Each structure stands twice: as C-alpha cells, then as structure tokens.
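Both backbone and side-chain heavy atoms feed into the values below; hydrogens, waters and symmetry mates do not. Owing to the predicted nature of the structure, the values given are computational and were not obtained by experimental measurement. Each ligand, and each atom within it, is numbered from 1 in the order the structure gives.
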Amino acid sequence: MTVKSWRGVWVVVAVMVLCLCARAQTWVTPGAVWHDTQGKVIEAHGGGILHYGGVWYWFGTDRDPKLDPAKRYVRCYSSRDLMHWRDRGEALVLADPEHLGAHWKLERPKVYYSPATRKFVMYMHLDDAHYRYAHVGVAVSDKVTGPYHFVESFRPLGLGLRDIGQFVDDDGQAYLIFESRRTGGFFVARLSADRLKVERPAVAFVPAPLEGGALVHYKGLYYVMGSHMSGWRANPNVYATAKRLGGPWTKFREIAPGSKDTYGSQSTFLLKVKGTRRTTVIFMGDEWRPRALWDSRYLWMPLEMKDGGMLLRKPEAWRIDAKTGVVTVK
Ligand code: DGJ
C-alpha cells in the first residue's frame, strides 16, 4: 500500500470512530425537535410503545401537513436502544372508514401483540369533528410495522369513549384504558386473547374525569396517570396508586408539583424498561401545538419512583442504557 492509500484508510477509520462516538453520546432532549436515524423529524403523536422481539416500536399519529388531508396516518419507528429511532413508514393509512366527515379524528393509536393469533392489533380513538361518535377503532396486521387493516369500530362496554391508553401487565395480560365522558371517569378493561374484544366487566373504574390515561405496574404497585380536561392546553397531570388493578386507588397527586402544567405536556404512555441493573419508568408526554399539531413536541423523561410515589423532575437532557436500565441526566 502507498502512503496515500494508508492515509485514506486512517481517514475512514477516524470518521467511523467519530460517528460511533456521536451515536453513543446522543441525548434525549425533552421538548426539542426529535429526529429519526435518517435525520427526519419524528411524527408519532399521542403515541404508545410495543416491545416485541427485543425491539421497541413507537406508534403515533403522523400529522405532516403535506399528507392527504382526507386521510389519517399512524407512523411507526423502531429502536433497540430507545435513543435512536428508525422510521418504519406509515403503519396505517385510513380514509374515513366510518364516514365521519370533514375533520374526522384518529387519535392516540396503541398497538398490542396477540400471542394467541400471532397478529398485531392497533386500537385508536375515532371521532367526528365534534367528538360525538366516541368510538374505538381496531385494525390488524400480520407484521408489527404494518400495513394494518381496519376491522371495525365500537363503543367498549357500550360506552362513549374519548382518549385511550394502553397497558400490558407483567403476566402478559393486555388492557385498554379509556375515558368516558358521561360516566365522569375512566375505565381499565381487559382485552380478549386475540386482542380484538374489550371484555366485560371493566377491571377498574376510576371515578376521576381524566384524559391521556396511562398505567404502569412497578414494584408491586399500580400507578394510574392522567391529565385534566383542558383541550390541547397542558395542565397538572396527576397519578394515583393501588395494590390491585381493581383498586381501591389513593387520592390523586400531581406528578410534577414544580410545574403548573406538567412542563407543558400531557401524558400518553408510561414505558417500563426492565434493565439488568434497574427498572426505569419513562413518562411519555406530548407538548401539543394546536395550531400546528405536526410541530407538537415530545416530552420523554424518566420518572423518579420512590416510596410509592412518582415524580417528574424539571426536564433535562438524558440518556438510558437500555440493557442495564441506568439513566444519566446531562
Ligand atoms: C385532549 C385530548 O387528550 C387529546 O387527545 C385531544 O382529543 C384534545 N383534547 C382535543 O382538544
């Protein structure tokens, strides 16, 4: 090899090392524009996470203004480390399947895996412009990343439904969380083995009118979380705990007592990461921008879980070692 070609090899090696360092040093910056591995802005609002085959899949609504305004889109991203997210494309594209008219809504998609059928089942809140339809929609796919095919929409337990949330317990049992305006509270209901039906009776009714419902089971306690009703405006999100899913639940307390509005965010999902050294619970929230929903940001931040309580501290850049579960705050 000539001196010149050796120099070329060293340049390539140096660039590779630099790239690896940059990758290893990535931080999650709550509220900042978040890019996927191709450098494109992540569009996955009101989202949820499915952990399947050692990979995390993040599903959420894609609100890119360049998309067909008559359709609704759910985009999927995947990650092995929770830091770098690869765009897997539109998992679902729907053209008003229930004829709900202009400004119809598809919000808060959540995906479950059914070990019984080996299929993936997506739940979503479907509504008309005035939120009167109040149904949950169900779509199915053979592949985790889709395409998902719309099956039907219905009112679980015969009840009008608004925000939905997702919970899968340590025993693999899957639950749908949904807010129901008329009842003044929200429900936690078991899903059937094929994940296509919401089973009666509900496992829990929490008599608190809360949206953005989320749940996590952490060290023997269930933590249920939600936000108050103020449209897209953020408010102080609250949580309660119980030893059993059916309750009794404690009184609700604020998750971020240091902030009037949960640092400008609304809960959408609680992600439990079981590492070899620690179990970490990550708060996933949306910072909605109602006039430009596509530009809404994500506030993801590990929660401090202590003495049967949870605390969302002032957001700062952080990273997680998904293998050990250990979090570092910048
Ligand atoms: C609050 C809900 O949490 C959101 O999903 C959305 O439906 C807005 N309300 C609409 O105002």
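Closest to atom 5 (O) of ligand 1 among all protein heavy atoms lies R108 NE, 2.9 Å. Annotation: atom 3 (O) of ligand 1 to nearest protein heavy atom, D163 OD2, 2.4 Å. Nearest to atom 9 (N) of ligand 1 among the protein's heavy atoms is G231 O, 3.4 Å.
With sequence neighbours excluded, no residue forms a ring pair (Phe, Tyr, Trp, His ring centres under 6.0 Å) with W294.
Scanning all heavy atoms of the two residues, the minimum distance from L176 to Y123 falls at CD1-CD2, 4.0 Å.
Judged by the 6.0 Å distance and 45° axis criteria, R233 is not positioned over the aromatic ring of W288.
Note that CD of Q266 is 6.5 Å distant from CG of N237, once rounded to the nearest 0.5 Å.
Pairs engaging residues 252-281 under the ring pair (Phe, Tyr, Trp, His ring centres under 6.0 Å) rule: none recorded [sequence neighbours left out].
Per-residue contacts place Y131 under 4.0 angstrom from the following atoms of ligand 1 (heavy atoms of the residue considered): 6 (C), 7 (O), 10 (C).
The option from E107, K105, H45 that lies nearest to atom 6 (C) of ligand 1, judged by heavy atoms, is E107.
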